[in-house]
2 protein chains.
Amino acid sequence: MTIRDVADYCGVSVSTVSRVLNERPDVSKEVRRKVLDAVRDLHYVPNNSARDLVRTSSESIGVVVRGAGNPFFTSLIRSIEETAEAAGYTIILAQIPSFADELATGASLSRSRRLKGLIFLGGCFDYNAEQVASLDVPFVCCTFTNSFGSLDIASYSSVSIDDREEAAKAVRHLIAKGHRRIAILLDNSTDHSIGELRYMGYCDALKEAGIEPDNDLVEEIGTYDMAAAYEGTKKLLKRTRDFTAIFVIADSLAIAVIKSLTDQGLKVPEDCSVIAIDGLETSLYTQPTLTTLVQPREVIGREAVRTLIGIMDGADGTKQIRLEASLREGGTAADLT
Amino acid sequence: MTIRDVADYCGVSVSTVSRVLNERPDVSKEVRRKVLDAVRDLHYVPNNSARDLVRTSSESIGVVVRGAGNPFFTSLIRSIEETAEAAGYTIILAQIPSFADELATGASLSRSRRLKGLIFLGGCFDYNAEQVASLDVPFVCCTFTNSFGSLDIASYSSVSIDDREEAAKAVRHLIAKGHRRIAILLDNSTDHSIGELRYMGYCDALKEAGIEPDNDLVEEIGTYDMAAAYEGTKKLLKRTRDFTAIFVIADSLAIAVIKSLTDQGLKVPEDCSVIAIDGLETSLYTQPTLTTLVQPREVIGREAVRTLIGIMDGADGTKQIRLEASLREGGTAADLT
C-alpha cells in the first residue's frame with residue numbers, strides 16, 4: 001500500500017493526498033474527507049517517520065517539565081509555547097515527576113525526536129560537566145540556575161529570578177514594616193535547591209538588619225505539599241509563638257499556612273503576617289489576599305525561548321538572565337510601625 | 001556514519017551500541033558513557049525514526065488535554081500515566097487550549113505517532129458521527145460524555161461522573177439543610193457543555209422540592225476564570241440579596257466566590273452557604289473549607305485507560321462508565337433547619 005494507491009482509489013493526485021496528510025490548508029473539505037476515508041478504508045499507514053524526520057530535524061524544541069503538578073508552571077509553559085510557535089518552532093513537551101532525572105529525559109527526547117534544543121523547566125541546581133555532557137543540543141535552565149553546581153558559567157544558560165535576592169526582598173519588606181521575629185516555612189534548607197537559596201536570602205535580610213537568625217523559627221517540611229505546610233505551621237506554633245510574621249517560600253504553601261494560622265485562632269495579619277514568593281492566581285483569593293513577590297512568568301518563558309534560539313542559530317553565546325519579581329501588596333503583611 | 005562505525009570506534013559490538021541507544025538497563029555505566037561519548041564525537045544520529053516506528057506502533061496511547069491550565073486535570077493525568085505504564089503503554093501527551101479542536105489534534109497525533117488509542121481529557125459534549133470519523137483508532141472521552149451530540153451509544157466510550165445528577169445532589173444537600181432560595185454561578189447554561197448539564201441538575205433538584213427556578217438567581221460568567229467568578233458574585237449581590245446559598249459549578253470558581261462574598265461583607269456560611277463540584281486540593285484551604293462533591297479522579301483516569309485497552313485488545317466493546325462523586329463536608333454549607 002503506497003500513497004499512489006490512495007490517490008488512485010479516490011481519483012486525486014499524489015500531491016493532493018500528501019497535502020491532506022500534511023494537514024495543509026489548501027485542500028477543500030470534501031477532498032480532505034474523501035482522502036481520509038480512503039486512508040482509513042485501505043488501512044494505509046502514511047510514512048510519517050520520514051515526514052517527522054524532515055519536519056522535526058529543523059523545527060522542534062523539547063521542554064522537560066520536572067514537577068508536572070506545579071501550578072506555577074502552567075502560564076510559563078503557555079508563554080514558552082507561544083514564543084516558540086511565533087518563531088516557527090514546534091514544542092515537544094515531556095512532563096516528569098520531581099524525583100525523575102530531567103537530563104536523562106532531555107537527552108533521550110533529543111535523540112528520539114531530533115530536537116534542535118531543550119528547555120528544562122524546574123531542575124537540579126547542582127549539575128556537573130559530566131552530567132550535562134549527555135545533551136547533544138543547546139539547552140536553557142528555566143526557573144533555576146547552577147548555584148550549587150560546578151558548571152563553567154560559559155557552558156550553560158539560565159533564565160530565572162535571583163531566588164536568594166528575592167527571598168531577601170520579601171523578608172526586608174517585613175522588616176521595613178517593623179517585624180523582627182520572622183519565621184520561615186520551607187521545604188528544606190540544605191538540599192542544594194530552591195529552598196536552600198531562599199533560606200540563604202532570608203538569613204541575608206535578617207543579618208543586614210542586625211537580627212540573629214533563630215533556629216526555633218525555621219520550619220522545614222521536607223516537601224512542597226500543602227498538607228505538610230498546614231501541619232508544619234501547627235508544629236511551629238506549638239514550639240513557639242514568639243514571632244510576628246512568617247516568610248513562606250512558595251505561594252501554594254502560603255495558602256495552607258494562612259488557613260492553618262486561622263484554624264489555630266490567629267488572625268492574619270493582626271496576629272501573624274505572611275509573605276511569599278511566586279504570585280499564583282489562586283493566592284489572590286486567600287483571606288486576606290496574599291502579599292507576595294510575583295515572578296514575571298511570561299517574561300521568563302519568553303526569554304528562555306529567545307536565549308535558546310539565539311544559541312541554536314549561532315547568533316548568541318550562553319547567557320545568564322536574572323529577572324526581577326515585583327511586590328504584589330495583598331493584605332497579609334501588617335505594618336507594626 | 002552508521003551504528004557499525006560507532007561500535008568500531010569504541011570497540012564494542014553493534015548490539016551493545018543499540019542497547020545503549022535504546023536505554024536498556026543491561027549495560028555498565030562505563031560502556032554507556034563510552035558509547036554516548038562516541039555518538040557525540042562522531043556526530044552519529046541514530047535512526048530513531050525506524051526505532052520509534054517499531055516501538056510506538058504497538059505501545060503508545062495519546063492523551064489530548066483540552067484546557068491545559070485546568071488544575072482539575074493534574075492528578076487525573078498522573079493516574080492515566082500510571083495505569084498506562086503499568087500495562088506497558090507509553091503516553092503521548094498533547095495539551096491544547098480550550099478553544100482548540102481536540103478531534104483534529106487527536107487525529108493528527110494518531111497518524112504522526114502511530115497511536116494505538118486516544119483519550120480525550122476535556123472535550124465537546126456534542127460530537128456527530130462525521131466528526132469522530134477522522135479518528136482511525138479507538139478513543140475514550142474522559143470526564144465528558146456525548147449528552148448533547150448524535151453519536152450512536154455503541155460508537156464511542158466515555159468515563160465521567162453524571163454531571164447532571166451530581167449537580168442535583170449538591171443542590172439537594174442544600175435543600176436538605178433548609179435552603180430554598182439557592183443561586184447558581186456557572187459559565188454558561190446553554191452551551192451544550194458541562195455548564196448546561198450542571199444547570200439542568202440544579203433545576204431538577206429545585207423542581208423535585210417544589211421550588212420554581214428563578215432567573216434572577218442565575219449568574220452566567222461566560223468562562224472558567226476566577227476573576228470573572230469574583231465579579232459575577234458582586235453582580236449577583238447587586239441584583240439581589242434574596243438567597244441563602246450559591247451552588248458553584250466548579251471548585252476553582254467557588255474559591256473566588258467565597259472571597260467575593262467575604263469582601264462584600266457577607267459571612268460564609270452564616271450569611272450565605274456555598275457548595276461546589278470537583279474536590280480540588282486547594283479548596284481544602286478556603287476559609288472555611290469548601291463543601292464540595294469530590295470527583296473520583298484517580299478512578300476516572302484508571303477506568304479510561306482500562307476501557308481503552310479493552311477495546312484496543314478487542315476484548316471489550318465500547319462502554320459508558322458513570323462514577324459517583326462523594327460529598328466532602330467542609331464548613332461552607334450552613335444548616336438552617
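In what follows, chains carry the letters A, B, and so on, assigned in the order in which the sequence lines appear, proteins first and then strands, with residues in each chain numbered from 1.
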- Spell out the residues in residues 79-86 of chain B that have some non-hydrogen atom less than 4.5 Å away from a non-hydrogen atom of chain A, in order of number; otherwise answer 'none'. none
- Engaged part of A:I77 at the chain B interface, taking heavy atoms whose separation is under 4.5 Å: neither
- Compare all side-chain heavy atoms of B:D263 with those of A:Q287 and state whether any distance is below 4.5 angstrom. yes
- Message: Is there a side-chain contact between A:E281 and B:D225 in this structure, where contact means two heavy atoms from C-beta onward sitting under 4.5 Å apart?
- Response: yes
- Item | Atom group of B:A107 that falls short of 4.5 Å from chain A, counting heavy atoms | neither
- So how far is it from A:R33 CZ to B:E130 CD, rounded to the nearest 0.5 Å? 5.0 Å
- Message: Quick check for you: to the nearest 0.5 Å, what is the distance between B:M226 atom CE and A:T282 atom OG1?
- Response: 5.0 Å
- Message: With a 3.5 Å distance limit and no angle check, can you tell me whether A:Y230 reaches the backbone of B:Y285 through a side-chain donor-acceptor pair?
- Response: no
- Query: How would you list, by chain and number, every residue that makes a salt bridge (Lys or Arg N to Asp or Glu O under 4.0 Å) with A:E231, sequence neighbours excluded?
  - Reply: A:K234
- Please report the C-alpha distance between B:K259 and A:T286 in whole Å, then the side-chain angles of each, then the deciding distance to 0.1 Å, and finally whether the side chain to side chain donor-acceptor pair (under 3.5 Å) criterion is met. CA-CA 7 Å; B:K259 170 82 168 167; A:T286 55; 5.7 Å; no
